[in-house]
Amino acid sequence: MIVAGCDVGSLTSKAVIMRDGRILNSALIKSKAKPWESADEVMKSALEGAGVSMKEIVFCVGTGYGRDKMKFINEAVTEIACHGKGARWLLPTAMMVIDIGGQDCKAMRLDRDGRVVKFMTNDKCASGTGRFLEVMARVLGVSLEELGEMSARAQAPITLASACTVWAQADVIAHLNNRVPIEDIAAGVNNAMASRMAVLANSVGVERDVCMTGGVAKNDGVVSTLEKLLGVRIKRIRRYDPQMAGAIGAALFAHEKAGGGLR
Amino acid sequence: MITAGCDVGSLTAKAVILKDGAIVASEVIRAKTKPEDSAREVMDLALKKAGLEMGAVEYCVGTGYGRKHIPFVNDVESEIACHGRGAVWQVPSAKTVVDIGGQDCKAIRVDESGNVTRYVYNDKCASGTGRFLEIIAEALDIGLEELGDISEHSTKKLTLSNQCVVFAETEIISLVNEGAEIPDIIRALHNAVASRAASLAKSIVVESDVVMSGGVAKNAGMFRALSEALGVPLRQIGDPQINGALGAALLAADKLKSGPPPPLRQAQCNARREA
């Protein structure tokens with residue numbers, strides 16, 4: 001039985017094709033202006049790579065902010081539910097998930113069955129979301145990947161005076177003008193991001209095992225500072241790309257809804 | 001009796017010269033990189049306008065975020081105290097002052113003598129400050145001082161769904177791409193800034209008369225938007241941008257009446273700038 005999950009976010013769109021609970025293929029694209037266009041394109045790309053046609057998909061679940069605009073889905077499920085489910089699949093011991101999206105962040109606690117029992121989200125303020133890192137990487141003239149790697153080489157990380165993305169950007173520019181080493185600025189940026197997330201995580205209560213999903217999970221500078229702030233190890237996800245958590249969760253829901261037994 | 005007030009803000013620096021209870025000169029300049037340079041230049045310009053030398057000023061009070069770096073003041077006062085005092089001098093019936101600055105926003109409750117009884121302050125988040133207007137004006141390639149006039153031509157009410165400046169900028173760019181009219185967008189922007197400032201002000205209970213001070217008050221669209229957001233008419237003041245410097249000059253006069261001026265304060269030119 002082949003099912004699919006499609007997660008259309010503000011910055012990227014993801015699709016996962018699953019056969020009997022195993023991932024056949026996945027795809028990730030930059031989101032387009034219209035969410036239904038993103039959904040069509042990312043789905044097409046995932047299907048092509050899997051060598052599967054749309055007709056073979058028994059059930060498809062959509063999630064993400066564009067979930068109500070997708071034409072081909074059988075059902076829409078909230079991002080929180082999908083991320084919780086996807087994270088549990090990626091790390092079966094996960095009881096807490098911190099997900100950082102392009103324009104939001106979420107902290108969730110799961111029960112034994114992978115259902116979300118408590119969560120907090122922020123989508124009101126760019127600080128603490130992927131957008132914060134994106135703005136800072138642009139100011140520093142580095143890629144998001146480079147930004148994450150720079151923390152490890154920092155000698156004396158700067159401290160940003162304000163959490164606000166607008167003020168922090170001015171701060172970063174001032175540090176650049178003062179010829180502060182870029183690694184020290186990058187580490188300060190990653191630390192600021194981590195401390196913002198720690199506040200969110202603590203507000204739902206930290207419970208082991210903790211894992212991180214979303215694109216920022218690939219930023220080592222943020223992850224290691226967050227570990228220090230929370231006082232726990234964050235289990236690295238190795239089973240699949242952590243950015244796919246939402247789409248994986250959606251595909252797992254599709255599998256269940258289509259009558260598949262595997263969770 | 002001649003006193004002076006100097007208000008070094010994040011975007012502009014202001015100076016007011018007061019002689020026997022009347023403004024003889026005022027000046028506003030764009031702030032320079034170093035607050036001490038801004039202070040010197042704006043004060044020199046104001047003195048020149050008044051036809052006075054610095055030596056004629058008997059007492060000078062500094063305020064604003066760069067106040068500790070002003071080299072020629074006898075004393076410094078908080079912006080809150082200065083804005084309160086200035087507003088009550090301009091509008092004696094004022095009970096509440098809302099000041100939207102370049103990088104902050106304050107709401108102040110004052111008694112009849114201009115003493116501050118309550119206040120609330122935001123400099124943590126750019127939303128609700130002049131910076132919000134600046135960023136969007138830049139993105140739309142419009143001069144900051146044109147915003148007010150442009151918003152007058154709005155025919156349709158739009159509402160921004162984002163409060164955060166970063167997200168709102170993206171939203172506004174999509175609105176432009178979708179063909180929304182610029183005047184409607186600017187009006188929505190004014191309403192967004194005003195609603196943020198108004199919720200701050202409401203937390204200390206807004207009592208009439210309400211005065212709006214700060215450079216942003218010169219923007220007629222913002223003035224109207226804040227009035228709407230607060231649900232009360234606002235009292236217009238002469239030059240809202242110099243209100244803080246005026247308050248500083250008035251406080252200088254108060255201090256002079258109560259005793260001889262202290263020596264000039266040592267400016268902290270090398271210390272880290274106060275945030």
Side-chain angles (χ1 to χ4, degrees), chain A residues 9-12 30-35 37-38 65-66 69 100-105 121-139 158-180 188-189 192-193 195-196 199, chain B residues 9-11 31-35 65-66 100-105 121-139 159-180 189 192-193 195-196 199-200 270-275:
Chain A
S10 54
L11 290 182
T12 57
K30 257 185 101 73
S31 290
K32 325 214 149 283
K34 307 272 182 270
E37 288 172 8
S38 308
Y65 98 110
K69 309 248 165 69
I100 322 256
Q103 289 191 22
D104 69 352
C105 56
T121 71
N122 162 41
D123 60 356
K124 297 270 176 285
C125 169
S127 173
T129 74
R131 189 61 176 273
F132 178 81
L133 290 182
E134 230 192 325
V135 168
M136 300 309 155
R138 197 174 60 221
V139 172
I158 58 149
T159 305
L160 292 174
S162 169
C164 174
T165 308
V166 173
W167 301 147
Q169 186 179 353
D171 243 17
V172 165
I173 293 169
H175 284 298
L176 277 176
N177 290 341
N178 291 333
R179 302 187 185 285
V180 173
V189 165
M193 178 80 189
S195 73
R196 211 32 211 247
V199 173
Chain B
S10 56
L11 291 179
K32 321 221 158 284
T33 324
K34 288 187 180 163
Y65 110 114
I100 305 183
Q103 290 191 7
D104 65 4
C105 174
Y121 186 75
N122 164 42
D123 64 349
K124 295 274 175 277
C125 165
S127 178
T129 76
R131 187 81 185 115
F132 195 171
L133 298 175
E134 231 192 336
I135 286 177
I136 304 304
E138 235 167 75
T159 306
L160 297 179
S161 54
N162 287 293
Q163 190 72 256
C164 174
V165 176
V166 175
F167 292 156
E169 186 181 359
T170 314
E171 185 181 355
I172 284 174
I173 291 165
S174 350
L175 282 171
V176 173
N177 291 338
E178 284 161 20
L189 165 67
V193 178
S195 99
R196 193 64 198 247
S199 56
L200 191 76
N270 300 317
R272 189 180 174 275
R273 249 194 262 175
E274 196 188 32

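Worth knowing before you read on, the calculation uses all heavy atoms, side chains too, and leaves out hydrogens, waters and symmetry mates. Letters go in sequence order (proteins before strands), and every chain restarts at 1.
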Next item on the list: Answer with side chain, backbone, both or neither: which region of A/Ser127 has an atom nearer than 4.5 Å to a non-hydrogen atom of chain B?
Entry: neither
Next item on the list: Check B/Lys124 against A/Trp167 and note the closest heavy-atom contact, atom names and distance.
Entry: O-CD1, 3.5 Å
Notebook entry, point to check: What's the shortest heavy-atom distance between A/Ala192 and A/Leu160, and which atoms?
Noted result: CB-CD1, 3.8 Å
Looking only at atom types and distance, does a side-chain atom of [X] sit under 3.5 Å from a main-chain N or O of [Y], one as donor and one as acceptor?
| X | Y | result |
| --- | --- | --- |
| A/Gln169 | A/Val139 | no |
| A/Asp104 | A/Thr121 | no |
| A/Ser31 | A/Gly9 | yes |

Margin query: If we define contacts as heavy-atom pairs under 4.5 Å, which of A/Ala126, A/Cys125, A/Ala170 has the most with chain B?
Written below: A/Ala126
Notebook entry, point to check: What part of B/Glu169 is in contact with chain A, defined as an atom under 4.5 angstrom from a non-hydrogen atom: side chain, backbone, both or neither?
Noted result: neither
Next item on the list: Measure distances from B/Thr129 to the heavy atoms of chain A and classify the residue's part below 4.5 Å as side chain, backbone, both or neither.
Entry: side chain
Next item on the list: Tell me, out of B/Thr170, B/Asn177, B/Val165, B/Asn162, who's got the most heavy-atom pairs with chain A below 4.5 Å.
Entry: B/Thr170
